[in-house]
Amino acid sequence: MQTNVRVRFAPSPTGPLHIGGVRTALYNYLFARKMGGKMLLRIEDTDQNRFVPGAEAYIIESLKWVGIEIDEGQSIGGPDAPYRQSERREIYQKEAFRLVEEGKAYYAFDTADELDAMRARLEAANAPAAQYNAITRMQMKNSLTLPAADLKARLDAGESYVIRLKTPRKEEVRLNDLIRGWVTVHSSAIDDKVLLKSDGLPTYHLANVVDDHLMKITHVIRGEEWLPSAPLHVLLYRYLGWADTMPQFAHLPLLLKPEGNGKLSKRDADLGGFPIFPLEWTDPFSGIVARGFREDGYLPEALINFLAFLGWNPGTEQELFSMDELIAAFSIEQVHKGGARFDIEKAKWFNHQYIRQQANADLAPTVQHDAEVAGFDCSIEKATKIVALLKERIHFASEIFPEARTIFYTPETYDETIAGAKWNADAKAAVAAFRDALQADEGEFVAEHIKHTLSEAMQRAGIKQGKIMQAMRLALTGSGTGPDLMLTMEIIGRPETLVRLERALERLN
RNA sequence: GGUCGAUUCGUCUAGCGGUUAGGACACUGCCCUUUCACGGCAGUAACACGGGUUCGAUUCCCGUAUCGAUCACCA
């Protein structure tokens with residue numbers, strides 16, 4: 001039935017892309033790829049007042065970063081260009097006027113004040129709904145109520161107007177949502193929505209339906225916030241004569257606050273100390289910088305895996321999925337109906353899983369950079385070794401350098417608690433014996449050999465190795481905790497290891 | 001408030017009439033280990049409530065409660 005699946009992600013460039021938007025894009029993408037279809041990116045910039053410079057580029061860069069590939073869009077072209085709604089105004093106007101001609105829509109001249117007055121009046125009268133609809137429109141200033149001559153005069157004079165949909169008074173509007181099943185709404189709940197604004201640009205409803213039709217969209221996968229207006233869109237398809245090719249709808253559950261009531265917001269992210277945008281974003285008006293998942297050290301694979309599982313589940317016990325695996329496993333019917341609470345701890349866990357799978361060489365530049373920022377020289381070879389030493393232990397690449405910090409300098413101070421408890425006569429003798437053994441040793445300075453040298457030295461000195469290991473660590477790093485000590489020494493190198501042992505014997509008492 | 005929708009461990013969820021209600025995150029304990037982590041093992045913890053339908057309801061139906069979305073010349 002559906003031969004050429006085409007879906008679209010249609011954000012508004014009113015600011016950085018919210019993480020919920022990324023998930024919507026992801027589900028669209030997974031579905032498109034799964035079905036062997038196409039993914040479009042359409043920029044819905046019909047609200048001139050909310051336009052934010054840079055937002056469109058940000059959206060494109062974000063999708064690219066997380067690995068969502070667009071087949072058609074403003075930046076890459078396609079058969080239905082332009083993909084920016086502000087550049088398609090004539091297309092919408094044509095359809096809007098057509099609806100007026102066919103008696104399915106009408107001109108309305110009411111001012112904002114008049115609309116307010118109407119709503120106030122209805123509310124005062126305890127009307128069931130204070131809206132512009134089949135009942136109230138006959139009391140307003142529009143092409144249905146104005147005398148023909150008056151109407152013509154207003155239009156000729158260029159008076160500003162909007163075009164409103166003539167919503168039927170009594171009609172059941174049904175739609176079969178892929179996720180929610182049949183949803184029925186009575187047309188009386190839908191008001192006479194503005195289709196074309198007085199600035200000549202369409203509202204979301206018109207633009208959306210016209211573009212989805214023209215771009216041959218087969219499946220509209222979007223957030224739950226659109227569910228209430230979906231019947232209106234069904235009505236529009238019918239009035240425009242496109243009912244037979246109307247796309248299928250799928251309304252996604254929302255992302256909820258980590259705790260408390262409501263949907264996930266920027267404020268929750270700030271409070272919880274986690275990002276909510278994929279990339280760092282500098283507000284062009286205020287200059288305020290908002291953190292991004294990328295800059296916070298999340299791997300795109302981890303973010304995607306985490307997001308995919310917020311509202312969907314393959315039904316198996318597998319948790320780690322690459323994008324290709326997600327595509328293979330995805331099914332829109334398995335998407336949840338209820339909202340999912342956002343839990344950053346789970347995102348961290350996913351990141352840990354992906355960090356440990358990363359090649360050492362891929363993580364090394366981060367360590368090298370962090371070391372240089374801290375004022376240390378660090379070759380890429382050294383950084384790679386440090387990654388190998390630590391990547392299994394941490395959740396973010398940025399945690400590697402701080403854990404490896406003591407590798408870069410001879411300790412100036414020693415943890416006093418550990419020194420007090422562990423730096424005894426045995427420890428001193430052990431360090432001295434190990435130093436002597438190391439000086440005499442000519443083998444390759446690698447972890448395994450160092451370990452061998454150490455245990456031999458302890459045996460000769462008659463010292464129980466287990467008793468002095470923490471003191472040894474203290475002598476070498478100044479700290480009581482840290483990664484594998486033998487590997488640490490290997491990275492430090494023989495000369496520096498000897499310097500540190502000597503220094504400890506001089507300074508620790 | 002009207003309309004529409006949702007409701008399984010603290011969180012993400014599996015379940016689609018008969019299960020010891022499964023997994024993951026987090027938490028706790030044990031093991032591993034020279035330390036801290038990682039890892040392994042184990043444990044605490046859930047079907048919102050009330051009616052039906054049925055031999056039998058977490059599962060189907062109806063209420064109630066709670067939560068969510070939406071009611072603009074914003075998307």
Side-chain angles (χ1 to χ4, degrees), chain A residues 10-14 44-47 49-50 85 108 110-112 115-116 119 123 126-132 160-164 177 179-181 183-186 188-191 193-205 207-208 222-231 251 253-254 256 258-259 261-263 306 309-320 334 336-350 352 356 390-395 399 403 418 422 451 454 465-474 477 479-486:
Chain A
S12 279
T14 54
E44 309 224 328
D45 57 346
T46 55
D47 185 358
N49 301 321
R50 295 205 304 161
Q85 290 186 328
D110 316 277
T111 64
L115 289 171
D116 286 345
R119 293 191 178 109
E123 266 167 42
N126 251 329
Q131 55 185 21
Y132 209 121
S160 81
Y161 61 85
V162 298
I163 290 179
R164 283 180 182 272
D177 188 281
I179 295 170
R180 288 147 205 283
V183 178
T184 309
V185 176
H186 196 87
S188 62
I190 305 168
D191 60 355
K193 280 276 179 304
V194 170
L195 264 22
L196 199 70
K197 298 182 277 189
S198 54
D199 63 4
L201 282 166
T203 57
Y204 170 84
H205 308 292
N208 185 260
R222 75 235 294 194
E224 186 188 348
E225 67 268 28
W226 294 110
L227 192 55
S229 55
H251 289 92
L254 264 22
L256 271 22
E259 45 197 48
N261 298 153
K263 61 177 179 182
F306 166 65
F309 271 68
L310 247 31
W312 171 84
N313 184 290
T316 66
E317 285 180 3
Q318 183 182 348
E319 301 253 23
L320 265 22
Q334 280 181 81
H336 278 209
K337 299 187 184 83
R341 234 175 243 286
F342 188 90
D343 178 14
I344 197 67
E345 291 305 320
K346 195 97 178 203
K348 289 178 183 169
W349 178 80
F350 274 112
H352 168 66
R356 55 189 302 199
L390 285 155
K391 74 169 179 185
E392 301 262 331
R393 304 159 57 94
I394 46 86
H395 287 71
E399 291 168 355
E403 292 242 3
I418 304 294
K422 305 282 183 180
K451 189 173 186 174
L454 174 65
Q465 201 175 325
K467 296 263 189 192
I468 52 84
M469 280 312 290
Q470 205 170 9
M472 190 66 72
R473 173 181 295 283
L474 182 76
T477 69
S479 164
T481 66
D484 187 277
L485 197 54
M486 304 305 150

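Residue numbering restarts at 1 for every chain, and letters A, B, ... go by the order of the sequence lines.
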Dump the pairs, protein N or O against N or O of nucleotides 30-34 of chain B, anything under 3.5 Å, distances to one decimal.
unit_1	atom_1	unit_2	atom_2	d
rU34(B)	O4	Asp484(A)	OD2	3.4

Taking only the side-chain nitrogens and oxygens of [X], find out if one of them lies under 4.0 Å from OP1 or OP2 of [N].
| X | N | answer |
| --- | --- | --- |
| Arg50(A) | rA75(B) | no |
| Thr46(A) | rA75(B) | yes |
| Arg341(A) | rG68(B) | no |
| Lys197(A) | rC74(B) | yes |

Atom [atom1] of [X] to atom [atom2] of [N]: distance rounded to whole Å?
| X | N | atom1 | atom2 | answer |
| --- | --- | --- | --- | --- |
| Gln131(A) | rA72(B) | CD | C1' | 12 Å |
| Glu123(A) | rA72(B) | CD | C1' | 13 Å |
| Leu390(A) | rU35(B) | CG | P | 17 Å |
| Asp199(A) | rC73(B) | CG | P | 12 Å |
| Tyr204(A) | rC74(B) | OH | C1' | 12 Å |
| Lys263(A) | rA69(B) | NZ | C1' | 8 Å |
| Glu392(A) | rG40(B) | CD | C1' | 14 Å |
| Asp177(A) | rC4(B) | CG | P | 15 Å |

Between the protein and nucleotides 20-29 of chain B, are there any N/O to N/O pairs under 3.5 Å, and if so, what are the atom names and distances?
unit_1	atom_1	unit_2	atom_2	d
rG22(B)	O2'	Glu317(A)	OE2	3.0
rG23(B)	O4'	Glu317(A)	OE2	3.2
rA24(B)	O4'	Glu319(A)	OE2	2.4
rA24(B)	O2'	Glu319(A)	OE2	3.1
rA24(B)	O2'	Lys346(A)	NZ	3.2
rA24(B)	N3	Lys346(A)	NZ	2.8
rC25(B)	OP1	Trp349(A)	NE1	3.2

Rounding to the closest angstrom, what is the interatomic distance between [N] and [M] at atom [atom1]?
| N | M | atom1 | value |
| --- | --- | --- | --- |
| rC27(B) | rC32(B) | P | 22 Å |
| rG2(B) | rA48(B) | C1' | 25 Å |
| rU28(B) | rC47(B) | C1' | 25 Å |
| rG10(B) | rG17(B) | C1' | 30 Å |
| rG29(B) | rA65(B) | C1' | 38 Å |
| rC31(B) | rG15(B) | P | 38 Å |
| rA37(B) | rA26(B) | P | 14 Å |
| rC49(B) | rU7(B) | C1' | 12 Å |

Do [X] and [Y] have side chains that approach each other closer than 4.5 Å (heavy atoms only, starting at C-beta)?
| X | Y | value |
| --- | --- | --- |
| Lys193(A) | Arg164(A) | no |
| Asp343(A) | Pro258(A) | no |
| Leu454(A) | Met469(A) | yes |
| Ile179(A) | Lys337(A) | yes |
| Leu227(A) | Asp177(A) | yes |

Counting only Watson-Crick pairs (N1-N3 plus N6-O4 or O6-N4) and G-U wobbles (N1-O2, O6-N3), all under 3.5 Å, who is the partner of [N]?
| N | value |
| --- | --- |
| rU3(B) | rA69(B) |
| rG18(B) | rC55(B) |
| rC38(B) | none |
| rC27(B) | rG43(B) |
| rU64(B) | rA48(B) |

Would one find more than 12 heavy atoms of other residues, nucleotides or ligands at under 6.0 Å from atom [atom1] of [X]?
| X | atom1 | result |
| --- | --- | --- |
| Glu259(A) | CD | no |
| Lys197(A) | NZ | yes |
| Lys422(A) | NZ | no |

Parallel, tilted or perpendicular, as decided by the 30° and 60° cut-offs, for the rings of Tyr204(A) and Trp226(A):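 If you compare the ring of Trp226(A) with that of Tyr204(A), the planes turn out parallel.
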Nearest heavy-atom pair of [X] and [Y]: which atoms, and what distance?
| X | Y | result |
| --- | --- | --- |
| Gln470(A) | Gly480(A) | NE2-O, 3.0 Å |
| Phe306(A) | Lys346(A) | CE1-CB, 3.9 Å |
| Ala230(A) | Arg222(A) | CB-NH1, 4.2 Å |
| Glu44(A) | Pro13(A) | O-CD, 3.6 Å |
| Pro231(A) | Val185(A) | CG-CG2, 3.4 Å |

Nearest to the side chain of [X], which nucleotide is it out of [options]?
| X | options | result |
| --- | --- | --- |
| Ala340(A) | rU13(B), rC73(B), rA75(B) | rU13(B) |
| Ala189(A) | rU3(B), rC73(B), rC12(B) | rU3(B) |
| Leu254(A) | rG39(B), rA75(B), rG68(B) | rG68(B) |

Could you tell me whether [X] contacts a base, only the sugar-phosphate backbone, or nothing, with contacts defined as non-hydrogen atoms closer than 4.0 Å?
| X | answer |
| --- | --- |
| Arg222(A) | nothing |
| Gly262(A) | sugar-phosphate |
| Asp45(A) | nothing |
| Pro202(A) | sugar-phosphate |
| His352(A) | sugar-phosphate |
| Thr14(A) | nothing |
| Val162(A) | base |

Interatomic distance, Ile163(A) atom CD1 to Ser198(A) atom OG [nearest 0.5 angstrom]: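 It comes to 11.5 Å.
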Base of rC73(B) paired with side chain of Ser198(A) (donor-acceptor, under 3.5 Å): yes
Between the protein and nucleotides 5-9 of chain B, list the N/O to N/O atom pairs that are separated by less than 3.5 angstrom.
unit_1	atom_1	unit_2	atom_2	d
rG5(B)	O2'	Arg180(A)	NH1	3.0

